[in-house]
Amino acid sequence: MALSKITNDGVTGLSIDSSGRVDMNASYVFDQWYLNAHHTTDGDSDITAWSQASGNITGAGKVSGMSHSSGIFTFPQTGLYKVSCAFFARSDGSDNMSCNIQVTTDNSTYNIFANVVHGDSDTVNGGTYCSVFINVTDVANVKVKFRSTSMDAASFVLGESAYMLTNVMFERVAPAQ
């Protein structure tokens, strides 16, 4: 027998199926964004050309989404989020460029939560991956952005409009801690 809790507006807020699986409809956040063009700014710069995965990317879609403006992502609700970044780049020569996940808790000062390095002694394409947990206790102040660092003029972060290369994923995994 399944159990459902109906809220006063008639919408199911919580259900438990006969196997004990809990479904809290309003708590899901799964969203994916991808870099739709190469990011070519030298030095240190915020990555801003993000597009939300949708029907134009086969198999991609969103359940509920993040907001994005000028490279800064805003969370739709409080919670503990797993934020993942797949970073693909072409580094030139001995360029040891990196990408980092930066978080603010005051809507102003960003700190590095994770950093992945990409580089080699030759010109090479390659990729790295990282993920972090971010405790979002206030959606007005806790935000995240992705930044390339130490990138020389001949290197770039790989982006593509027809499929995902560099991409980020947001998953709400629990209530705020």
Side-chain angles (χ1 to χ4, degrees), residues 2-17 20-37 39 45-88 99-116 127-148 157-177:
L3 170 69
S4 293
K5 167 139 182 11
I6 307 295
T7 61
N8 60 2
D9 62 1
V11 176
T12 301
L14 170 84
S15 62
I16 303 171
D17 71 13
R21 288 183 294 258
V22 177
D23 183 3
M24 297 179 293
N25 298 331
S27 67
Y28 293 131
V29 175
F30 299 105
D31 206 350
Q32 187 168 25
W33 294 69
Y34 64 100
L35 191 59
N36 63 28
H39 177 76
S45 63
D46 293 342
I47 300 172
T48 59
W50 298 105
S51 290
Q52 192 171 35
S54 62
N56 64 327
I57 301 293
T58 303
K62 70 173 191 167
V63 172
S64 59
M66 301 288 292
S67 299
H68 170 260
S69 178
S70 302
I72 296 173
F73 288 90
T74 302
F75 296 90
Q77 66 187 72
T78 61
L80 181 64
Y81 286 79
K82 180 180 178 186
V83 177
S84 305
C85 177
F87 172 67
F88 293 89
C99 178
N100 51 59
I101 299 174
Q102 296 188 354
V103 178
T104 180
T105 57
D106 64 4
N107 196 26
S108 177
T109 306
Y110 282 84
N111 295 299
I112 297 172
F113 264 45
N115 188 58
V116 292
T128 57
Y129 171 86
C130 70
S131 63
V132 297
F133 286 102
I134 299 173
N135 190 27
V136 179
T137 56
D138 179 351
V139 296
N141 287 312
V142 180
K143 299 182 181 193
V144 65
K145 68 180 179 178
F146 303 87
R147 188 167 177 82
S148 64
V157 180
L158 295 167
E160 172 60 52
S161 63
Y163 54 88
M164 286 188 225
L165 284 168
T166 298
N167 70 89
V168 295
M169 290 180 57
F170 302 90
E171 303 171 70
R172 184 179 185 274
V173 296
Q177 306 297 299

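Positions are given from 1, in the same order as the sequence printed here.
Aromatic ring pairs are classed by plane angle as parallel below 30°, tilted from 30° to 60° and perpendicular above 60°; the pair F73 and F170 is tilted. Below 30°, between 30° and 60°, or above 60°: for H68 and W33 the angle between ring planes is between 30° and 60°, a tilted geometry.
For the atom pair OG1 of T104 and NZ of K145, the computed distance is 8.5 Å after rounding to the nearest 0.5 Å. Separation of atoms CZ (R147) and CD1 (I101) is listed at 14.5 Å; rounding is to 0.5 Å. Here CZ of F87 is found 12.5 Å from CG of N167. Values are rounded to the nearest 0.5 Å.
Residues A114 and V132 share a closest heavy-atom pair of CB-CG1, 3.5 Å. The heavy-atom pair separating N36 from S51 by the smallest distance is ND2-OG, 2.6 Å. Of all heavy-atom pairs between S84 and K82, the closest is OG-CE, 3.7 Å. Of all the heavy atoms in A176 and N135, the pair that sits closest is CA-OD1, 3.4 Å. Heavy-atom minimum distance, T74 versus V139: CG2-O, 3.7 Å. Counting all heavy atoms, side chain and backbone alike, T48 lies closest to S70 at CG2-O, 3.6 Å.
T166 has its side chain within reach of W50: a pair of non-hydrogen atoms, C-beta onward, lies under 4.5 Å apart.
Screening V144, D46, I72 for a side-chain contact (heavy atoms from CB on, under 4.5 Å) with Y110, the sole residue that qualifies is I72. A side-chain contact (heavy atoms from CB on, under 4.5 Å) with T109 is found for exactly one of N107, D106, T105, namely D106. Just one of M164, M66, Q52, E171 meets the side-chain contact (heavy atoms from CB on, under 4.5 Å) condition when paired with Q32; it is M164.
Proximity of a side-chain donor or acceptor of Q177 to a complementary backbone N or O of P175 within less than 3.5 Å is detected.
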Side chain to side chain contact (heavy atoms under 4.5 Å, CB included), that's the test. Do F146 and V83 meet it? Break it down for me.
CA-CA 11 Å; F146 303 87; V83 177; 3.8 Å; yes

